Amino acid sequence: MLSTRWTTFYWIALLTLIVSGVGQVATRGIHIQRDLFSTLPAVTRDPGFIKAQNQHQDQLGRKMIFAVVGENTQNLQKVVAELEGVLQKDFTNIQFRADVKDVEKIGRFYGPYRQQLLTRNQIAKINSTPPEFLVQENLARLYSPLGTLQASQLGADPFGYFTEFLMGLRPRASLKSEDGLFLGEHEGKPAAVLFADIKGDWEDYAKQIEIKKLIETFKDEHKQNQIFTLGLAQYMRAGVERAQIEIATIGIGSLLGATLLLIWLFRSGTPLVVSIGLLLASVLSASLITHLFFGSIHFFTLILGSSIVGMIDDYSFHFFSQRFDSGVTSGREARSRIKRSLVYSFLTTVIGFIFLFATPFPVLKQLGVFAIAGFATAFLIIWTFYQHLPHRVSTYPQFWAAGAQLTHQLLSIRRNHFVVGAVVLVIVSGLLMSRIEFNDDVRQMQSLPKDLKSDEEKIRALLGHDQSQTYMLVRAENVADLLNAEENLQTSFFGISQWLPSESKQRESFQAYQKLKPIYRAFFEKLKVPESKINSEIKKFEMPFKVVTSKEWMSEFSDLPVSRQFLGRLDESYYSVLYLPAHVETARVRALESKNVQVVNLAEDTSAVMRGLRSAITWAAIAGWSITLLTVALLMRLKNSAHIMLAPTLAVVLSLGITYLLTGPLNLFHLLAAVLVFSLGIDYTFFFSDCRDSVYVPTLIAVTAAAVTTGLSFGLMSLSQTAAISGFGVTIAIGIILSLILSPFAVRAQ
Amino acid sequence: MGSLLLSLLLSVAHGSTLIEDVQAQLAKKQNINGTFKQTRFVKQMAVTLNSSGNFQLDKAKGLAWSQTEPFEYKFKVDGDRIELVNKDSAPQVITKESQPMLFAFSQTFLALFSGDMSALNKQFEVKSAGTKQKWNFDLVPRDESTRRAVKGLNVSGGSAVDHVRVEDSQGNTMTIEFQLAKEAR
């Protein structure tokens, strides 16, 4: 028992921590990290690329695509114009027509520089093809019935090289530009496509709801048209809406259920109120200490950490269940009864979570600090404060006596039967473990709303699936190097360097173009063009080289969508985005990665984070389990440690195995659930190891209270529509049931 | 006034019927072949380019074009690609992805040549005149951006297309006269 001096010291230490934490939050503010990639080990994170990716993700996040299907283009013209009007308030960069003036502006700007704008393929062709072949090839094209286009530009662009450059500027899509609209076809009807960017904070839920209402109203007013929409903000909003519904049903239902059950189980409201206070104090203290320690806290730590720290209430229930033991007459005596399991449970939990510290993942380190801080706070509160609570001996309904009798019979089975049973379960667990497979693909962990998914498929079909979800980020010290770096990657990638070739490429083009002088002359002579006209065309070759600068380009085209692929100067360097055609395989593009080139595929990258975290948690869990076994063996002797460890270990393995058989391959969330199952399972076995003189009722009530509250808060997550959350809930639910059945055997560890 | 309105209505009705009749007539011929004479006038360079050769149109396989004068070359066009074969050099393949404008034009030309009026009707306003035996269609692009490049097309014929004329917005023209082989008539 601790002296009053030590108790005072604990309280002062706790208060100091809370005050310093609150002080830090008050002066520096709370910094909650939301970027999933900041959970990655520091070595793989490049701050510049993080900024670039975030900036680009923001651009992608605010982008929305609308498609309107109508009977004819006249109707579409009208509806799209109305849609544009409606979108003005919440959207910017609204684009639904290929403006002829824009096309003319592009032609006017580039016209004087045409000698500097040859593509890589054109330069290679000019340098490698014999002049007479070039002449012959272009004569054939001009003479062919398809030569009409070439004929219309015979003077300005005899071989069509400039036209080819201009055509390469538009990202490939199956949309046509017709009647001033971007037109595609949906089920045989014309469909107009409109692109727009959300104004302001697109991640703001209120904003997302405003947009949803706007779209719904517009759809109601245009029932004769089918209208499809696509945007990340919509998926986010749908996710929040679903979470709200689930919280409102599962969450409130489970909270209400847990409250009533606890009052009924303990026949008093005090355990409930005190346990809630304990939980709040522990989560607050854990959050402040983690924030103090790391300077920020990741939302992943906050959510998962709070869930783990939630198990703290199991200690509280264990304390209050002593009221059902008539032999316990005071709070101090109740604490004394649970002292051993409280200390052991606290020690093993701390040891288990220390191992998260050994992983290279910042978020797991944070989680370790959070859990230890939360458990330490709870331990101190229970140790120092609970004994002063007024004690009241309670009676229990008769069925608990029946439960105690059943437990007694269960524990009376012969030793060799118990051993055989344990061995059988271990073998079954081993077999299940050998079959378990993992799938970390984040796409199968989420279930997207069907209506949005269907709209997305229709819009993607209209756009022609021409752009990959993968993109590249390129970095350089200056803009000139950035353009060079883009050009050195591959020509089929779509980036700003297609619009603005680097100075070196412009020079290379200019030199190659000079070789065309005699070739054009020979070509015109073959066509029998009058000499005076040939001379005036050839005179154009005298135009001097004048580089197109990025400044000049930006001042002219900063409103074009492509200009947003130039991310500007971030972190002392310049960054840009390259889009890739859909057919390009991400694995092949990854081979091009270097210090200054990074490939981004959000789904694959998130899956990789999940895989990394899962692997790290697996090893930390194995290490934590081993050291827990060692600690328990040291504290309680090896034979007793087997009784303590067997139930939670079997509960973990069997819950994972059964979940796998029920739902298929497992992922990070199942493993996190397994960690929780072990943590709560070992608490139950420690509680049972406290039983004296075959008095099982208090422990049965404590474990039932713990299992029911955990089951209601986590187990009901199995009803969630989101696969990851549901998987987590299924594993926890199975784990709790197994822990409840197996933990009474820990009585043998007395 | 009444008779004027009646004749106008009749002419409209006659126009759409004629187009359908011609389309049905042309659709009967799956394969045609013959010779062509083409004249291209490039206004800006003040040159006229004459050429001739033979052709084969197979509705399943597309059009095979073989120029013999003033020099030899071949090209094939179908729904997916264009292939240009020049004497002594490797074939040049053009797809929708590599040159969308040229490809779109090739599809229009193919529709024009095979008399696929339903495809042409989507892109052009069609004015028809004549009879099923001797018809003449004037086509004007519906879309403004196409009108900026192509002023209009004219196609005429009888049991098959025998004349095509394309005029661009700068005054350049291309005229092709077709002569069907005897067995194809």
Side-chain angles (χ1 to χ4, degrees), chain A residues 73 97-100 103-104 121 129-130 132-134 136-156 158 160 163-164 166-168 170 172-174 176-181 183 185 190 464 466 492 524 526-530 532-534 536-537 581 583, chain B residues 36 38 40-51 53 55 63 65 67 70-75 77 82 84-89 92 94 96-106 109 112-113 122-123 142-146 148-150 164 166-174 176:
Chain A
T73 47
R97 58 174 80 241
D99 204 328
V100 175
V103 179
E104 283 173 354
N121 287 344
T129 315
E132 60 277 18
F133 273 46
L134 279 178
Q136 191 53 38
E137 185 182 286
N138 283 285
L139 277 176
R141 278 178 69 171
L142 180 64
Y143 267 91
S144 86
L146 308 182
T148 299
L149 294 173
Q150 201 179 352
S152 64
Q153 301 157 36
L154 199 60
T163 310
E164 208 176 298
L166 292 177
M167 290 311 295
R170 48 156 239 151
R172 292 184 187 104
S174 58
K176 294 178 289 185
S177 167
E178 210 173 292
D179 290 336
L181 295 171
L183 275 188
E185 210 175 86
D466 63 331
S492 67
F524 287 135
K526 285 255 184 193
L527 292 175
K528 298 193 170 56
V529 172
S532 60
K533 287 207 177 281
I534 297 179
S536 83
E537 290 308 321
H583 60 82
Chain B
F36 71 85
Q38 180 188 291
R40 183 184 291 289
F41 172 63
V42 187
K43 192 178 173 188
Q44 192 196 0
M45 307 304 273
V47 287
T48 302
L49 311 172
N50 294 310
S51 57
F55 69 90
L63 172 69
W65 194 262
Q67 180 181 294
F71 57 87
E72 282 181 23
Y73 88 88
K74 288 178 180 156
F75 96 88
V77 56
I82 308 165
L84 279 159
V85 188
N86 232 316
K87 210 179 158 189
D88 303 330
S89 64
Q92 220 187 328
I94 295 162
K96 187 180 177 182
E97 285 72 33
S98 65
Q99 293 205 31
M101 262 171 79
L102 189 63
F103 191 81
F105 188 77
S106 78
F109 181 74
L112 206 61
F113 193 51
K122 284 186 184 170
Q123 298 173 54
R142 291 182 189 274
D143 177 44
E144 196 203 328
S145 61
T146 313
R148 294 173 83 89
V150 179
V164 166
V166 179
E167 183 173 354
D168 74 13
S169 54
Q170 295 167 32
N172 303 313
T173 58
M174 175 186 75
I176 311 175

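All chains are named by letter (A, B, ...) in the order of the sequence lines, taking the proteins before the strands, and each is independently numbered beginning at 1. Source: prediction; values computed, not measured.
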Which of the residues [options] is involved in the greatest number of heavy-atom pairs with chain A at under 4.5 angstrom?
options                      : result
B/P70, B/G171, B/S169, B/G53 : B/P70
B/Q123, B/Q67, B/K43         : B/Q67
B/V150, B/N50, B/L49, B/T173 : B/L49
B/M45, B/Q44, B/K74          : B/M45

For [X] and [Y], which heavy atoms make the closest approach, and how far apart are they?
X      : Y      : result
A/V529 : A/K533 : CG1-CB, 3.7 Å
B/N172 : A/S152 : ND2-CA, 3.4 Å
B/R40  : A/Y143 : NH2-O, 4.5 Å

Which atoms of A/I534 approach chain B - backbone, side chain, both or neither, heavy atom under 4.5 Å: neither
Proximal component of A/Q150, with respect to chain B [non-hydrogen, under 4.5 Å]: neither
Point-to-point distance, once rounded to the nearest 0.5 Å, from CZ of B/R142 to OG1 of A/T73: 8.5 Å
Rounded at 0.5 Å granularity, tell me how far CG in A/L146 sits from CE in B/M174. 8.0 Å
Identify which of A/L154, A/L527, A/T148 forms the greatest number of heavy-atom pairs closer than 4.5 Å to chain B. A/T148
Among the options A/A140, A/A151, A/P145, pick out the one with the most heavy-atom pairs lying under 4.5 Å from chain B. A/P145
Taking the inter-plane angle between the rings of B/W65 and B/F36 on a 0 to 90° scale, is it parallel (under 30°), tilted (30 to 60°) or perpendicular (over 60°)? parallel
Specify whether B/F75 and B/Y73 have parallel, tilted or perpendicular ring planes, treating 30° as the upper limit for parallel and 60° as the lower limit for perpendicular. parallel
Examine whether an atom of B/I176 lies under 4.5 Å from a heavy atom of chain A, and if so say whether it belongs to the side chain, the backbone or both; otherwise answer neither. side chain
